[in-house]
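For the single chain, residues carry numbers from 1 onward in sequence order. Because the structure is a prediction, the values reported are computed rather than measured.
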Amino acid sequence: MCGRFDQSQTARYYASVFGWTDAVYDSESTPAWNVSPGSYRPLMHLQDGERRIDDVFWSYRARWAEGKVPITINARLDKLNNRYWRGLLKNGRAIVPAEGWYEWTGEKGSKQPWHIHRRDRAPLFMLALANFGSFTENRAEAGFVIVTDAAGEGMLDIHDRRPVVVEAADAELWMDPSLSTEQALELARRAALPPEAFEWYKVTPAVNRAGFQDPQMALPMPE
């Protein structure tokens, strides 16, 4: 799963790396080393042919599901074609740019956080779904989720699920509205970076404090 992530560069930096120099911004987010659910973070998406970077609420629940389904922060890749996610898969594909994400090992009360990132330290482009259509003032209804899949051999010692991370070219294709839902699912399965593309290290337990921010928290913890 992905319960926290490191988005410690600006939205304009990520857009520049991605090649979106003409993007339209509606983002006031500042860099954050410890992004937690319930915060507004910049997402990349296409809207009416326009490249956009908008601040979106991390957490989602469909309007009709209130009282029936809990608010969620991730969506399983193998469930995206069901009734709940199908609409967002068709019209709400987006990308969350980041430096890495966090997972935990150990027992409750003494969990150790780990920072997971690309070995080459390039930015991550994580597949996401968001509601960019009609919504009320309900934040979760207008929110986003990160698409996850099985972690794969080599990452099970950290967690059994991980975000689906792809290269920039595949991230752009994921957002293309002309791509059918079936093609989008096939892309997500085919293009996900393998476990060997990542590395991880222990970081300070200060990451456990939701909302706490410090540049040092994304650095390796001294042995």
* Structure fact -> Heavy atoms of N131 and L88 approach each other most closely as CA-CD2, 3.8 Å

* Could I get the full list of side-chain hydrogen bond (donor to acceptor under 3.5 Å, both in side chains) partners for Q183, not counting sequence neighbours? => S180

* Under a 4.5 Å side-chain heavy-atom rule over Ile, Leu, Val, Met, Phe, Trp and Tyr, are Y13 and V35 clustered together? -> no

* To do: Examine V17 and I95 and state if one hydrophobic cluster contains both, with Ile, Leu, Val, Met, Phe, Trp and Tyr joined whenever side-chain heavy atoms are less than 4.5 Å apart.
  => yes

* Structure fact -> Scanning both residues in full, the closest heavy-atom pair of A15 with I53 reads CB-CD1, 3.5 Å

* To do: Establish, from distance only, whether the side-chain atoms of S27 and D55 form a donor-acceptor pair under 3.5 Å.
  => yes

* **Heavy-atom side-chain contact between P123 and P97 under 4.5 Å** => no

* Structure fact -> For A94 and M175, the nearest pair of non-hydrogen atoms, with its separation, is CA-CG, 4.1 Å

* Just checking, R61 and W85: is the charged tip under 6.0 Å from the six-membered ring centre and within 45° of the axis? -> no

* Any chance you could pull the hydrophobic cluster mates of M221, using side-chain heavy atoms under 4.5 angstrom and chaining through other members? => none

* Asked: Which pair of non-hydrogen atoms, one from A128 and one from W174, has the smallest distance, and what is that distance?
  -> O-NE1, 3.4 Å

* To do: Give the intermediate values and the outcome of side-chain contact (heavy atoms from CB on, under 4.5 Å) for residues E107 and Q112.
  => CA-CA 9 Å; E107 301 300 320; Q112 172 62 55; over 6 Å; no

* Given side-chain contact (heavy atoms from CB on, under 4.5 Å), test L179 with L173 step by step and report yes or no. => CA-CA 8 Å; L179 203 69; L173 187 57; 4.2 Å; yes

* Structure fact -> Value for CZ (R93) from CG (L80), rounded to nearest 0.5 Å, stands at 10.5 Å

* Asked: Given the rule that I, L, V, M, F, W and Y join up when any side-chain heavy atoms are under 4.5 Å apart, are V56 and F125 in one cluster?
  -> no

* To do: Look up atom OH in Y14 and atom CZ in R12, then write down how far apart they are to the nearest 0.5 Å.
  => 15.0 Å

* Do P31 and T10 come close enough that some side-chain heavy atom pair is under 4.5 Å? -> yes

* Mind running salt bridge (Lys or Arg N to Asp or Glu O under 4.0 Å) on E103 and K111 for me, showing each step along the way? => CA-CA 10 Å; E103 296 292 0; K111 284 189 173 294; over 6 Å; no

* List for me each residue that meets side-chain hydrogen bond (donor to acceptor under 3.5 Å, both in side chains) alongside W20, sequence neighbours excluded, and say none if there are none. => E172

* Asked: In terms of hydrophobic clusters joined by side-chain contacts under 4.5 Å, are V69 and V145 together?
  -> yes

* Residue pair E99 / L124, side-chain heavy-atom distance below 4.5 Å -> no

* Asked: Do you know which two heavy atoms are closest between I73 and S59, and how far apart they sit?
  -> CG2-OG, 3.5 Å

* **Trace of the side-chain contact (heavy atoms from CB on, under 4.5 Å) decision for T204 with Q216** => CA-CA 8 Å; T204 172; Q216 301 299 313; over 6 Å; no

* Determine the minimum heavy-atom distance between R162 and A150, stating which atoms define it. => NE-O, 4.0 Å

* Mind checking whether L77 and T148 have side chains closer than 4.5 Å, heavy atoms only? -> no

* Does CD in E66 sit with more than 12 non-hydrogen atoms of other residues, nucleotides or ligands closer than 6.0 Å? -> no

* To do: Output the distance between atom CZ (R52) and atom CD (Q47), rounded to the nearest 0.5 Å.
  => 5.5 Å

* Is the closest side-chain heavy-atom distance between Q7 and R41 below 4.5 Å? -> yes

* Does the pair R86 and L89 meet the rule for a side-chain contact (heavy atoms from CB on, under 4.5 Å), with working shown? -> CA-CA 5 Å; R86 196 175 299 126; L89 180 62; 5.5 Å; no

* Would you find a donor on one side and an acceptor on the other, under 3.5 Å apart, between the side chain of S16 and the backbone of T21? -> no

* To do: Determine the sole option in V147, D149, I146, L187 for which the side chain to side chain contact (heavy atoms under 4.5 Å, CB included) test with L127 is passed.
  => V147

* Would you give the length of the straight line joining atom OH of Y60 to atom OG1 of T72, rounded to the nearest 0.5 angstrom? => 11.0 Å

* Asked: Are more than 12 heavy atoms from other residues, nucleotides or ligands located less than 6.0 Å from atom CD of E50?
  -> yes

* Does the pair W33 and F5 meet the rule for a ring pair (Phe, Tyr, Trp, His ring centres under 6.0 Å), with working shown? -> CA-CA 7 Å; W33 295 265; F5 60 89; over 10 Å; no

* Point-to-point distance, once rounded to the nearest 0.5 Å, from CD1 of I116 to CG of D6 -> 12.0 Å

* **Heavy-atom check, side chain of P113 versus side chain of M217, under 4.5 Å** => no

* Asked: Taking the six-membered ring where the residue is Trp, are the ring centres of Y102 and H115 under 6.0 Å apart?
  -> yes

* Asked: Any link between V164 and W58 through a network of hydrophobic side chains (Ile, Leu, Val, Met, Phe, Trp, Tyr) touching at under 4.5 Å?
  -> no

* So H45 and F132, would you call those rings parallel, tilted or perpendicular, with 30° and 60° as cut-offs? -> parallel

* Close side-chain approach of R4 and W101, heavy atoms under 4.5 Å -> no

* Under 3.5 Å, side chain of N34 to main-chain N/O of F212, donor-acceptor pair present? -> yes

* Asked: Are E167 and R118 ion-paired here, with the side-chain N under 4.0 Å from a carboxylate O?
  -> yes

* Are F57 and F144 an aromatic pair by the rule of ring centers under 6.0 Å? -> no

* Structure fact -> To the nearest 0.5 Å, atom CG of N208 lies from atom OG of S36 at 12.0 Å

* Taking side chain as C-beta onward, heavy atoms only, is L46 less than 4.5 Å from P177? -> yes

